[in-house]
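Each ligand, and each atom within it, is numbered from 1 in the order the structure gives. Not measured: the values here are computed from a predicted model.
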Amino acid sequence: MSGDLFEGIVGRKAVAALDIVELDLLPPGGGALPAFSAGAHIDVEVRPGLLRQYSLCNDPAETHRYQIGVLREPNSRGGSIAVHDALREGQRIRIGAPRNRFPLVPAQRSLLFAGGIGITPLLSMAEQLARDAAAFEMHYCTRSPSRTAFAARIAASAFAGRVCIHHDDGPPAQRLDLHCVLPAPHVQTHLYVCGPRGFIDWVCGTARASGWAPAQIHVEHFAGDGPQPDGQSFEVRLARSGATLPVPAGRSVAAVLHDHGIDLPVSCEQGVCGTCLTRVLAGEPEHRDSYLTDEERCRNDQFLPCCSRSRSACLVLDL
Ligand code: FES
């Protein structure tokens, strides 16, 4: 869930590729920021009241800055536009301490698959794995060279030889041939995938069809890919007040709660960040988030009301 925010300063802001900017976020008085591990993300208040989550893409050994890369989303709900058009070098903003739902796990070998801006957490992982002298390779897929963020940094890195960059708009030989690069499953090899939903589905689906176990496939979703609240109507009952509220098709539980004056914190509104996590006391949620693990979903004792719905006629919430 989102934690407390603290003040940071926008350091360097630069174009990383077409429609992608990279930003350094610095502690206001110099010194060190809270440490992070590869795969972590932070909350960034991109303008007052608008929180967004961004993966950190710098080397986790660095403590003087957090580095993020942000794609200008054509269907932005305000976050990416604010970062691209409004944030300025030297500006003070509020950020959250790093959290990690996409950590590296000990393995003999790691395979990283990045689609587009999904490179950000995987770049941090590559830095860590290279530092650890671990066995890994990364496949980075973009539409074209002009949309390939951090290409120069990768080319100049110590791990350049372990990265293959693929372009969808290039000749067939430049495109990622998953069947060719995916090895046979091995219990000591783990896959990490981040990118647009279609890319994630493609890589994970191919891996599963090749026999890879779910426990060896690690995925990070982006907020912009979250599901929208539609589906059937149902009711939520608030255990503390006893109130019963109808949730119509097309309205999220979070929106209905807000309509009735229930102060539920929300941030991404896409089932990604965990800010709105709410305990479920009875009923069966229909989980539509990207935040909970499969194990957590199966327990059915919590859900994300910004996007998830109900399989039962009524959900009883600890509110
Ligand atoms: Fe981010 Fe609900 S607000 S998961």
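Residue Leu51 comes nearest to Ser267 through the heavy atom pair CB-OG, 3.2 Å, listed as atom of the first residue, atom of the second, then distance.
Within 6.0 Å of CG in Asp259 there are more than 12 heavy atoms belonging to other residues, nucleotides or ligands.
Between Glu286 and Arg297, none of the side-chain N atoms (NZ, or NE/NH1/NH2) sits under 4.0 Å from a carboxylate O, so this pair counts as no salt bridge.
For atom 1 (Fe) of ligand 1, the count of nearby protein N, O or S atoms, meaning those under 2.8 Å away, is 2.
In this structure, a donor-acceptor pair under 3.5 Å is present between the side chains of Thr142 and His167.
Under the 30°/60° scheme for interplanar angles, the aromatic rings of Phe113 and His139 are found to lie parallel. Between Tyr192 and Phe102, the angle of the ring planes goes over 60°, which puts this pair in the perpendicular group of the 30/60° scheme.
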